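Mind looking over this structure? Questions follow.
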Protein chains: 2
Amino acid sequence: MTASRSRRSADDRRAQLVQIGLELLPTTPVQELTIDEVARRAGISRSLLFHYFATKREYYTAVTRAAADLMLEHLLPEPGAPADEQVTGMLDRYVGWVETFRESHLAFVRGAGGGDPWVAEVYADTRQRLVEVALTALDLPDDALRRQLVLAWFAFTEDLVGSWADAPAMSRPELIALLREVLDRLTAR
Amino acid sequence: MTASRSRRSADDRRAQLVQIGLELLPTTPVQELTIDEVARRAGISRSLLFHYFATKREYYTAVTRAAADLMLEHLLPEPGAPADEQVTGMLDRYVGWVETFRESHLAFVRGAGGGDPWVAEVYADTRQRLVEVALTALDLPDDALRRQLVLAWFAFTEDLVGSWADAPAMSRPELIALLREVLDRLTAR
DNA sequence: CCGGTTGCTGAGCAACGCTCAACAAGCTAC
DNA sequence: GTAGCTTGTTGAGCGTTGCTCAGCAACCGG
């Protein structure tokens, strides 16, 4: 609310608007956040938002991409580590991510799967990249079948970790071991 | 367009409106179909739709529930069959369902996962019922852990069958056998 | 001080969800 | 048949929201 009506650089404003979108993500499905609300929070007019993002969709896909990049950056393994540790580390960090940002992550996944194809595509890209990283770390060939299997395993993981975070029916290490075991069984063919 | 302006019974109208929603489902995400469009197709005024469904959300949750019930009815096994056949039969019919209604099913699942909590709940209910049926057929106890695992397995199945229908990387029987094997491994603990 | 670039605004349009008062089609009763 | 009731149906209109456009205002180089 302070510094209202201040003139900002284009990059600053864009970043600020995306940031506001990220803060609103846990509260509201991406596609449902209104231009009015975002503009009000930024202390600017509706029109200005359309100066930076030609359409509402363009805006919230940018927000979605930012959220996806945040998660991806958090999950990516250190390139030096041994292969096995890389995958387990990613799994561990993913569980931690869901634990920490439960609501926003749930909102993110929901918005990502549903409704808008553009948003769905952003998340599909993210999953693809995660699968590539995992296959590389496991030193497995990247054929169509294996890719499909690992993607489906990721859907399995998302669902299980989500419900586990809601009501843990097993210990955290057990969860991670189970996920790891299913992944190994699926890829060892 | 024929029979326009005809007076219908309340039940007829409701059924017609839901039917129109079902026909529009493959084309449009549930929440995005407009009252105008539906009313236009039904040959009635916008106001009449609000006479049957107090709010737009009430309308498209009704449409979603109708879609879910259609699928559920198609998947439920004949009660007389042997246990093993029941589960495999459901799997087989599920794959067939996705093959037949690829686009509408995709649209349905997307709408179900994303955006509106009410719609998500309808589909969550459907999955719960499917899991109950599966656990009963497998003659397994219905504890929290197993339920979570089977639900997650269903997410796995949805994803894999979806991508398989898009680009089959294995034969249909192989797909079903794989899914069945993963389910058995997960529940045999 | 002046002109150009650019961040920024306000008024306003179109589409959409939703409300409300009233009309009219079909039924029963006389 | 017509009076009267029920109920399916409509049109006008309001508030919100996505989006446009013409122009203001702040900074900057000359």
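This one's a predicted model, so the numbers in the text were calculated from it and none came from an experiment. All chains are named by letter (A, B, ...) in the order of the sequence lines, taking the proteins before the strands, and each is independently numbered beginning at 1.
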Close approaches to DNA chain C from residues 47-57 of chain B, in residue order (heavy atom, under 4.0 Å): B:Ser47, B:Phe50, B:Ala54, B:Thr55, B:Lys56
Provide a list of protein-nucleic acid N or O atom pairs under 3.5 angstrom, restricted to nucleotides 23-28 of chain D.
{"unit_1": "D:dA26", "atom_1": "N3", "unit_2": "A:Arg7", "atom_2": "NH2", "d": "3.4"}

Nucleotide nearest A:Arg8 when distance is taken to its side chain, options C:dG17, C:dC8, D:dT9: C:dC8
5' priority, DNA chain D, between B:Ala10 and B:Arg46 [closest heavy atom]: B:Ala10
Set of side-chain contact (heavy atoms from CB on, under 4.5 Å) partners for A:Arg46, sequence neighbours left out: A:Ile35, A:Asp36
Protein-nucleotide distance (B:Glu32, atom CD; D:dG18, atom P), rounded to Å: 13 Å
Pairs touching residues 9-59 of chain A that satisfy ring pair (Phe, Tyr, Trp, His ring centres under 6.0 Å), sequence neighbours left out: A:Phe53-A:Tyr59
side-chain contact (heavy atoms from CB on, under 4.5 Å) partners of A:Val87, counting only residues at least two apart: A:Ala137, A:Leu138, A:Arg180, A:Leu183
Salt bridge (charged side-chain N to carboxylate O under 4.0 Å, His left out) involving A:Glu78 - partner list, sequence neighbours excluded: A:Arg93
Spacing between A:Arg14 atom CZ and C:dG7 atom C1', to the nearest angstrom: 15 Å
Pairs involving residues 152-189 of chain A, ordered by first then second residue, that meet ring pair (Phe, Tyr, Trp, His ring centres under 6.0 Å) (sequence neighbours left out): A:Tyr94-A:Phe154
Any A:Arg13 side-chain nitrogen or oxygen under 4.0 Å from OP1 or OP2 of C:dC8: yes
I'd like a table of atom pairs between the protein and nucleotides 2-4 of chain C - only N or O on both sides, under 3.5 Å - with the distance next to each one.
none

Interatomic distance where CD belongs to B:Glu58 and C1' belongs to C:dC18 [whole Å]: 13 Å
Summary of ring pair (Phe, Tyr, Trp, His ring centres under 6.0 Å) pairs that have at least one residue in residues 21-48 of chain B, sequence neighbours excluded: none
Atom pair CG/CG of B:Leu135 and B:Asp143 - distance to nearest 0.5 Å: 8.0 Å
Whole-Å distance separating the OH atom of A:Tyr60 from the P atom of D:dG18: 10 Å
Residue list, ring-ring contact (aromatic ring centres under 6.0 Å, His included) with A:His74, at least two apart or on another chain: A:Trp97
Rounded interatomic separation in angstrom, taking CD1 from A:Ile44 and P from C:dT6: 19 Å
Which residues share a salt bridge (charged side-chain N to carboxylate O under 4.0 Å, His left out) with B:Glu99, sequence neighbours left out: B:Arg172
Heavy-atom pair of closest approach, residues A:Glu158 and A:Val109: OE1-CG1, 4.1 Å
Between D:dG8 (P) and B:Leu17 (CG): distance, integer Å: 13 Å
Partner residues of A:Tyr123 under the ring-ring contact (aromatic ring centres under 6.0 Å, His included) criterion, sequence neighbours left out: A:Phe108
Atom-to-atom span, CD1 of B:Ile35 to C1' of D:dT10 - whole angstrom: 16 Å
